[in-house]
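Worksheet: one structure, shown below.
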Amino acid sequence: MNALKFLGLFACALISGLSFGAEVNVAVAANFTGPMEKIASAFGRETGHKATIAYGTVGKFYAQIKNGAPFEVLISSDAETPSRLEQEGLAIPASRFTYAVGKLVLWSAKPGVVDDKGEVLKRGAYRHLALANPKMAVYGAAAVDVMNKLGVASALEPKFVLGESVTQAYQFTASGNADLGFVALSQIYQDGRFASGSHWVVPAELYPRLRQDAVLLAKGRNNPAATELLAYLKSEAAKEIIRAYGYEL
């Protein structure tokens with residue numbers, strides 16, 4: 001191979017490397033795990049970029065971002081945390097948007113345990129009730145709001161099994177270690193079908209609206225994969241996936 005041809009191939013490879021194959025570090029709320037797995041896969045196929053994802057609670061992510069964690073995008077379970085990061089100079093102004101509105105469900109892996117009005121909470125004929133830690137997780141705080149409005153929170157507190165995130169609350173319930181639990185609708189619903197067991201979709205008036213925002217973090221300012229991921233999250237392809245898991249848009 002002559003030198004000129006070699007330099008031409010090298011230049012093409014360099015241009016290709018600059019255009020494709022960037023990587024973005026993304027912090028994603030635990031309730032959005034199912035949809036995000038599919039969205040990240042489709043995003044990678046369509047753009048050539050790679051989304052490296054960590055799932056967890058927004059409270060923990062906020063602390064990590066404040067302490068310099070290398071996240072470039074936050075896909076949150078609330079609107080307050082992205083807004084706070086924006087105000088503190090840790091997120092890019094005007095990049096924040098609502099990508100979904102979540103729903104809370106009371107679920108048991110066993111049929112016949114949870115009725116369609118949530119009366120099981122008042123009867124209390126069970127040993128353990130799983131929920132995400134309300135101090136760290138939005139869905140856990142919403143569950144406490146529901147129980148407070150129903151007047152059962154104090155009576156049920158001894159039965160609480162707290163998970164670090166709504167994912168762990170789901171795992172406690174799915175394994176049977178908790179008789180029932182408050183989980184995200186997205187964890188037990190897909191493409192018009194509920195998971196086996198029994199459930200109560202909690203009426204929206206019993207807890208604050210679970211508006212979920214995404215934002216470009218300061219560390220992702222100059223990363224094209226970060227801005228393209230947020231743009232993809234707004235696409236019809238992504239919205240179709242999000243709706244399939246029961247979220248509102």
Between Val202 and Phe182, is a side chain to side chain contact (heavy atoms under 4.5 Å, CB included) present by the stated rule, with each step listed?
CA-CA 9 Å; Val202 181; Phe182 282 101; 4.2 Å; yes
Do Tyr99 and Ile75 pass the side chain to side chain contact (heavy atoms under 4.5 Å, CB included) test, and can you show the C-alpha distance, the side-chain angles, and the key distance before you say yes or no?
CA-CA 9 Å; Tyr99 67 90; Ile75 298 177; 3.3 Å; yes
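Here the closest non-hydrogen pair linking Pro82 and Ala91 is O-CB, 4.5 Å. Scanning all heavy atoms of the two residues, the minimum distance from Tyr232 to Glu46 falls at OH-OE2, 3.3 Å. The minimum heavy-atom distance linking Val58 with Ser76 is given by the pair CG2-OG, 3.3 Å. Closest of all the heavy-atom pairs between Val114 and His199 is CG1-C, 3.6 Å. The minimum heavy-atom distance linking Val166 with Ala184 is given by the pair CG2-N, 3.7 Å. Heavy-atom minimum distance, Ala132 versus Leu162: O-CD2, 4.3 Å.
The closest side-chain donor-acceptor pair between Gln87 and Ser83 falls under 3.5 angstrom.
Put simply, CG on Leu180 and CG on Leu129 are 5.0 Å apart, with the number rounded to the nearest 0.5 Å. For the atom pair CG of Asp145 and CG of Leu104, the computed distance is 9.5 Å after rounding to the nearest 0.5 Å. To the nearest 0.5 angstrom, Phe32 atom CZ is 11.0 Å from Glu37 atom CD. Taking OG of Ser235 as the reference point, atom CD1 of Ile39 lies at 7.5 Å (rounded to 0.5 Å). Going from atom CD1 of Ile241 over to atom CE of Met36 covers 9.5 Å, rounded to the nearest 0.5 Å. Atom CZ in Phe61 sits 9.5 Å away from atom OH in Tyr55 (nearest 0.5 Å).
Looking at heavy atoms from C-beta onward, Asn223 lies out of side-chain contact with Val73 at the 4.5 angstrom threshold. Between Thr57 and Asn133, the closest side-chain pair of non-hydrogen atoms is not below 4.5 Å. With contacts defined as side-chain heavy-atom distances shorter than 4.5 Å, the pair Val146/Leu106 does not qualify. Residues Val28 and Phe71 form no side-chain contact, since every pair of their non-hydrogen atoms from C-beta on lies 4.5 Å or further apart. Contact of the Phe97 side chain with the Leu233 side chain is registered, since non-hydrogen atoms from C-beta on lie closer than 4.5 Å. In this structure the side chain of Asp78 never reaches within 4.5 angstrom of the side chain of Tyr139, judged on heavy atoms. Put simply, the side chain of Asp115 reaches to within 4.5 Å of the side chain of Arg123, judged on heavy atoms.
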With a 3.5 Å cut-off and sequence neighbours excluded, list the donor-acceptor pairs that the side chains of residues 214-222 form with protein atoms.
none

Side-chain polar contacts of residues 147-155 - donor-acceptor pairs under 3.5 angstrom, sequence neighbours left out - could you list them?
residue: Asn148; atom: ND2; partner: Val144; partner atom: O; Å: 3.3
residue: Lys149; atom: NZ; partner: Glu205; partner atom: O; Å: 3.0

Sequence neighbours excluded and cut-off under 3.5 Å, please list the side-chain donor-acceptor pairs for residues 242-249, or say none.
residue: Tyr245; atom: OH; partner: Gln190; partner atom: NE2; Å: 3.3
residue: Tyr247; atom: OH; partner: Asn31; partner atom: O; Å: 2.7
residue: Tyr247; atom: OH; partner: Asn31; partner atom: OD1; Å: 2.6
residue: Tyr247; atom: OH; partner: Ser186; partner atom: OG; Å: 2.9

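In this structure Asp179 satisfies the salt bridge (charged side-chain N to carboxylate O under 4.0 Å, His left out) test with no other residue, sequence neighbours excluded. For Ala204, there are no side chain to side chain contact (heavy atoms under 4.5 Å, CB included) partners, not counting sequence neighbours. Every residue was checked against the salt bridge (charged side-chain N to carboxylate O under 4.0 Å, His left out) condition with Glu80, not counting sequence neighbours, and none meets it. A search for side chain to side chain contact (heavy atoms under 4.5 Å, CB included) contacts involving Arg45 returns Ser41, Ala42, not counting sequence neighbours. Partners of Glu88 according to the salt bridge (charged side-chain N to carboxylate O under 4.0 Å, His left out) rule, which considers only residues two or more places apart in sequence or in another chain, are Lys66. Legend: residues meeting salt bridge (charged side-chain N to carboxylate O under 4.0 Å, His left out) with Lys60, ordered by chain and number and at least two apart, are Glu164.
Grouping Ile, Leu, Val, Met, Phe, Trp and Tyr residues whose side-chain heavy atoms lie under 4.5 Å apart, directly or via other members, places Tyr189 in a hydrophobic cluster with Val105, Trp107, Tyr170, Val183, Leu185, Ile188, Phe194, Val201. As a member of the Ile/Leu/Val/Met/Phe/Trp/Tyr network built from side-chain separations under 4.5 Å, Phe172 groups with Val161. As a member of the Ile/Leu/Val/Met/Phe/Trp/Tyr network built from side-chain separations under 4.5 Å, Val101 groups with nothing else and remains a singleton.
A donor-acceptor distance shorter than 3.5 angstrom exists from the side chain of Glu72 to the backbone of Asn25, with no hydrogens or angles considered.
In the hydrophobic cluster analysis, where Ile, Leu, Val, Met, Phe, Trp and Tyr join through side-chain heavy atoms closer than 4.5 angstrom, Leu85 is grouped apart from Val138. If you chain together hydrophobic residues whose side chains sit under 4.5 Å apart, Val24 and Leu74 never meet in one group. Tyr62 and Met136 fall into different hydrophobic clusters, where Ile, Leu, Val, Met, Phe, Trp and Tyr residues are linked whenever their side-chain heavy atoms come under 4.5 Å apart, directly or through other members.
In Arg127, the CZ atom is not crowded: 12 or fewer heavy atoms of neighbouring residues, nucleotides or ligands sit closer than 6.0 Å. Annotation for Lys239: atom NZ counts as buried by contact number, over 12 foreign heavy atoms lying within 6.0 Å.
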